[in-house]
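On a predicted model such as this, the values are computed, not experimentally measured, just so you know. Computed over heavy atoms, backbone and side chain alike; hydrogens, waters and symmetry mates excluded. Atoms within each ligand, like the ligands themselves, are counted from 1 in listed order.
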Amino acid sequence: MKAIRKAVIPAAGFGTRFLPFTRAVPKELIPLVDKPVIQYVVEEAAAAGIDEIVIVISSGKNAIQEHFNPVPALEERLKANGKNELLDELHRIDTIAKIHYVYQPRLDGLGDAVLRARAFVGGESFAVLLGDTVLDAAPGRPPVIGQLLAAYEKHEAPVVALEQVPMERVSRYGVIDPAGRDGRLYQLRALVEKPAVEEAPSNLVIASRYVFTPDIFEELEKTPRGKGNEIQLTDAMRQLLRRRPMYGYEIEGRRYDLGSKLGFLSATVEFGLRRPEFRAQFAAYLRSVVRQLEEPECANPPEK
Ligand code: G1P
């Protein structure tokens, strides 16, 4: 079995959950401290040994491409001003992976977006990482897409990332019906996209990362429009299940959905607190904000 070297990052959607910001700026460029979310996603893939990436974009999303393109004039300026650390940081972005782009002409759903990458992927197995979601591996564990790749290598079958959510939230996600379980690995019996709570087969939801064998494309070609009148990746997976076993892996790590406003706010606080250069000040500020919530008169804005 050949190691997986290619990943598809769908990043074509409108980002309606983050309007009005996403009217002009792609949700994949929402910053988490100082890095756009899609760069975290590309870095996750690269850390798992994936070095060829195709980002699926659509009209109005060229800024994503610009983020990964070199900016020689800016680099010259940084060099002239001796800002070598920043310069190294920018150079690093140029070398994370080989990034290609493919266009989704009509926003016909996640399934259609993945199908646009067929020519790039060819006949190989590949990974899919949604471009608006950061998955932060548990300490000492491999990147989440690497956890899925390990399960794929063991079972030679497609694997999706799973997470348990409270039952009342399942309708936001693709939900699996587990057939059996071995530790964190579930064999799939069925999948359903955004079911009503009463119809959900479990509280195990698809968490933005996938590993596919190339036969998913044959199913995607045949998949009719489903939920939201869109071609759903989940529907194609359900069909593929009739042909081969498939698995879900309950991830070791946390998911931050940057396409949602609350997801963005919580991720900003958590990632901000990890930065040694302002951790102490930011923590002190947050404590004062919390105190203010409890006793409104004693909040202090952070010093610059
Ligand atoms: C998509 C998928 C869904 C999955 C979710 C989070 O939904 O269709 O199955 O659970 O991503 O990974 P979206 O958030 O694009 O509506």
Side-chain angles (χ1 to χ4, degrees), residues 7-19 22 26-28 30 37-38 40-41 44-45 55-58 61 104 107-116 127-136 144-145 147-148 158-178 186 188 190-197 199-212 216 219-220 223-241 246-251 253-264 267:
V8 178
I9 302 184
F14 281 128
T16 42
R17 287 184 295 144
F18 219 115
L19 278 167
T22 43
K27 62 177 168 170
E28 293 78 10
I30 290 171
V37 49
I38 196 163
Y40 288 89
V41 176
E44 179 190 337
I55 303 180
V56 186
I57 55 172
S58 59
K61 297 209 125 180
Q104 185 185 24
L107 297 188
D108 276 343
L110 182 58
D112 180 70
V114 172
L115 189 53
R116 300 291 129 205
V128 173
L129 301 91
L130 303 194
D132 63 359
T133 304
V134 171
L135 284 178
D136 194 36
V144 169
I145 196 64
Q147 298 172 19
L148 263 56
V159 186
V160 293
L162 295 177
E163 183 186 309
Q164 300 206 32
V165 300
M167 208 59 204
E168 63 272 17
R169 288 194 3 231
V170 289
S171 312
R172 264 269 314 114
Y173 301 97
V175 182
I176 68 139
D177 182 4
Y186 294 80
L188 307 188
L191 308 100
V192 50
E193 180 67 11
K194 303 193 173 80
V197 173
E199 278 151 31
S202 76
N203 71 334
L204 286 162
V205 304
I206 303 174
S208 315
R209 301 290 185 267
Y210 310 75
V211 173
F212 287 119
I216 189 70
E219 297 304 333
L220 281 170
T223 301
R225 288 169 185 276
K227 203 90 200 179
N229 199 31
E230 292 183 340
I231 296 162
Q232 296 293 349
L233 186 55
T234 305
D235 293 345
M237 288 164 65
R238 189 173 52 249
Q239 291 308 315
L240 187 58
L241 251 184
M246 288 170 55
Y247 297 88
Y249 185 78
E250 196 176 340
I251 59 168
R254 297 241 349 239
R255 182 173 57 95
Y256 297 90
D257 174 6
L258 277 295
S260 106
K261 291 171 190 175
L262 190 56
F264 162 73

- Query: Do L115 and Q104 have side chains that get closer than 4.5 Å, going by heavy atoms?
  - Reply: no
- Query: Quick one: are R225 and D108 in side-chain contact, heavy atoms under 4.5 Å?
  - Reply: yes
- Short N or O distance, E193 and ligand 1, threshold 3.5 Å exclusive: yes
- Item | For S208, the ligand 1 atoms whose distance to one of its heavy atoms is below 4.0 Å | 6 (C), 12 (O)
- Heavy-atom contacts under 4.0 Å between L130 and ligand 1: side chain, backbone, both, or neither? side chain
- Going by the order shown, which atoms of ligand 1 are within less than 4.0 Å of some heavy atom of G174? 3 (C), 4 (C), 9 (O), 10 (O)
- Atoms of ligand 1, numbered as shown, that sit under 4.0 Å from any heavy atom of T234: 9 (O)
- Task: Indicate yes or no: does K61 engage E28 in a salt bridge with an N to O separation below 4.0 Å.
- Result: yes
- Task: Give a yes or no on whether a salt bridge exists between K227 and E193, defined as a side-chain N under 4.0 angstrom from a carboxylate O.
- Result: no
- Min side-chain heavy-atom separation Y210-L233 under 4.5 Å: yes
- Query: Which protein heavy atom lies closest to atom 4 (C) of ligand 1, and at what distance to 0.1 Å?
  - Reply: I206 O, 3.5 Å
- The protein heavy atom nearest to atom 15 (O) of ligand 1 is K194 NZ, 4.7 Å
- Message: As an exercise, identify every atom of ligand 1 less than 4.0 angstrom from a heavy atom of R172.
- Response: 14 (O), 16 (O)
- Message: Using side-chain heavy atoms (C-beta onward) and a distance below 4.5 Å, is L130 in contact with P10?
- Response: yes
